[in-house]
Amino acid sequence: MPTTLEQHWHTSCAEETKAVGVYLGSQARGGDVITCCGPLGAGKTTLVQGFAEGLGISSAAYVRSPTFTLVNEYQGSVPLYHFDFYRLTSPDDVWDLGFEEYVESEGVVIVEWADKFPSLFSASPLQVRIEIAPSERRTVRCTSHDTTYARYFNPPVEGLRQDEMVFFCGRLMRSGGPTNP
Amino acid sequence: MLTLGIETSCDETSAAVLADGHDVLANIISSQHSIHAAYGGVVPELACRSHTQNIRPVVEAALVQADVTLRDIDLIGVTQGPGLVGALLIGLSFAKSLAYGLGKPLVGVHHLDGHVSAIYLGDESVPCPFVALVVSGGHSDLYYCPQRGRYDVLGRTRDDAAGECFDKVAKMLSLGYPGGPVVNRLAEHGNPAAIHFPRAMQRRNNLDFSFSGVKAAVRSYLLDVSDLHGQRIFQDDSFWPLPDSPQWEQDRNDILASFQEAVVDALVSKTIRAVEQTKAEAIAVVGGVACNTVLRRRMALAGESLGLPVLFPPPILCTDNAAMIAAAAAFRYEACRELYQYPAFLDLDACPNLGISETVSVST
């Protein structure tokens with residue numbers, strides 16, 4: 001029975017979704033592969049913007065949707081390769097982009113619309129899924145079967161359980177501190 | 001002077017022949033939209049394969065149309081970036097081989113420098129300084145151009161490009177790819193004031209754009225519409241099957257017109273703000289979305305009220321093409337001929353992330 005790591009956050013605006021990204025990015029290391037899925041407008045690019053910030057990429061880098069360009073590269077403490085499979089139709093298209101080389105590089109690979117080709121990710125990546133709830137609310141769900149990614153599931157504050165993490169002013173905080181409006 | 005231009009950064013394989021840096025003798029664009037339409041987007045595997053197949057016939061067709069031979073060419077210009085690395089490499093390798101074999105100079109061109117250079121084709125009297133709005137499937141950027149060939153970034157999109165939004169909204173409504181022309185056409189029959197979609201970042205005092213909000217608003221509006229029809233027919237980010245009634249057609253056209261209005265509003269208001277901040281003397285609107293008739297009309301009116309000329313290339317020179325690449329190449333070559341000779345150009349490399357302010361030249 002493989003290990004299953006799971007955690008989720010409820011966010012109530014784009015800033016909070018971005019804050020989850022900042023937290024995830026701060027845990028990232030070279031060689032990590034992260035899939036990022038969810039419907040159009042869920043906030044995938046927003047989450048990746050936070051992720052880039054957490055990875056130490058300057059805000060001047062303008063992390064943008066790679067839908068048209070297919071892959072954008074950013075230089076942080078390690079390189080970030082931001083893919084988008086929205087327009088691709090087969091795994092062959094992905095290989096044609098040189099995906100394998102990016103995955104085997106020193107950089108972090110994060111892929112929007114990765115669920116189009118699940119077979120490409122046999123090595124169990126960190127899976128991030130954003131679900132749209134009514135109004136601006138979102139649920140950001142992280143799972144992995146690979147203990148390499150366990151550090152993403154550690155609470156950002158020592159001794160803090162996942163369900164105690166809340167948002168305040170766009171930052172992840174310990175619950176019992178300032179309350180989540 | 002005859003310049004051969006080659007462009008392969010994304011969908012199109014294109015080759016052009018230019019006389020004197022601005023007179024288009026030939027501009028062949030092998031539109032791959034028929035291949036891509038089946039897939040709802042650009043398929044790079046197919047794009048790369050078709051660039052390989054297309055490049056030689058497209059270059060030959062350009063030479064034939066211009067009624068010249070390769071020996072008559074004085075200069076070659078090729079897109080160096082940004083773009084898909086596999087696609088760029090095909091054009092670049094082909095251009096390098098030609099330049100080497102013919103003993104001619106070669107200029108690597110920034111794709112967006114190419115787009116802006118399209119305003120000089122046929123008319124070299126552009127007032128400087130000017131503000132350039134580059135708006136396409138991959139870009140929504142504002143530049144201040146103090147002189148020809150110099151670009152200071154004023155603003156960019158924070159998320160999606162405007163053209164990408166047209167494509168995604170068209171896909172939601174199963175209207176095919178690319179989305180720009182079909183949305184433009186159907187929106188003519190719709191009411192642009194029917195639905196108020198958000199205009200992001202209008203109150204912020206910067207020159208950046210954001211278009212993911214309007215895209216999400218259209219999606220959420222369509223979800224509500226599909227609820228009204230009594231069943232969830234919005235699946236896999238497409239609205240399917242489409243309701244079959246004349247009323248739906250009108251509703252759809254209203255949605256498209258209102259969506260287009262929101263995008264055009266944002267583009268025009270930020271461009272005008274850029275002009276006011278920089279005291280520019282003209283506005284240039286280039287890139288694929290510059291074909292949009294409502295954007296053209298609204299920007300021309302805004303320019304008129306400010307007493308400024310608004311320059312648009314003709315539609316065929318707005319979408320990706322090699323004539324604009326040749327124009328940019330000829331201008332840079334005239335400014336500094338020795339930079340672009342053999343063997344320096346052998347070091348030219350495809351740069352998928354090439355920045356426009358980076359010197360687009362080869363090392364000497």
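All chains are named by letter (A, B, ...) in the order of the sequence lines, taking the proteins before the strands, and each is independently numbered beginning at 1.
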Trainee: Quick one: are B:Asp159 and A:Arg64 in side-chain contact, heavy atoms under 4.5 Å?
Mentor: no

Trainee: Just so I know, are the side chains of A:Tyr86 and B:Lys171 near enough to count as touching, which here means a heavy-atom distance under 4.5 Å?
Mentor: yes

Trainee: Which atoms form the tightest heavy-atom contact between A:Leu40 and B:Arg219, and what is the distance?
Mentor: O-CD, 2.9 Å

Trainee: Could you look at A:Val63 and say if it's the side chain, the backbone, both or neither that has a heavy atom under 4.5 Å from chain B?
Mentor: backbone

Trainee: Just so I understand: if I count every heavy-atom pair under 4.5 Å between each of A:Thr69, A:Thr45, A:Thr67 and chain B, which residue has the most?
Mentor: A:Thr67

Trainee: Between atom OG of A:Ser59 and atom CZ of B:Arg158, what is the distance when rounded to the nearest 0.5 Å?
Mentor: 8.5 Å

Trainee: Would you call A:Tyr74 and B:Asn353 a side-chain contact if the rule is heavy atoms closer than 4.5 Å?
Mentor: no

Trainee: Is B:Ser212 in contact with chain A via its backbone, its side chain, both, or neither, using a 4.5 Å heavy-atom distance?
Mentor: neither

Trainee: Would you call A:Phe68 and B:Ser136 a side-chain contact if the rule is heavy atoms closer than 4.5 Å?
Mentor: no

Trainee: Using every non-hydrogen atom in the two residues, find where B:Thr157 and A:Tyr62 come nearest and quote the distance to one decimal.
Mentor: O-CD2, 3.7 Å

Trainee: Mark yes when over 12 heavy atoms from residues, nucleotides or ligands other than B:Tyr221 sit less than 6.0 Å from its OH; otherwise mark no.
Mentor: no

Trainee: Please name the pair of heavy atoms, one in B:Ala216 and one in A:Gly41, separated by the smallest distance, quoted to 0.1 Å.
Mentor: CB-CA, 3.9 Å

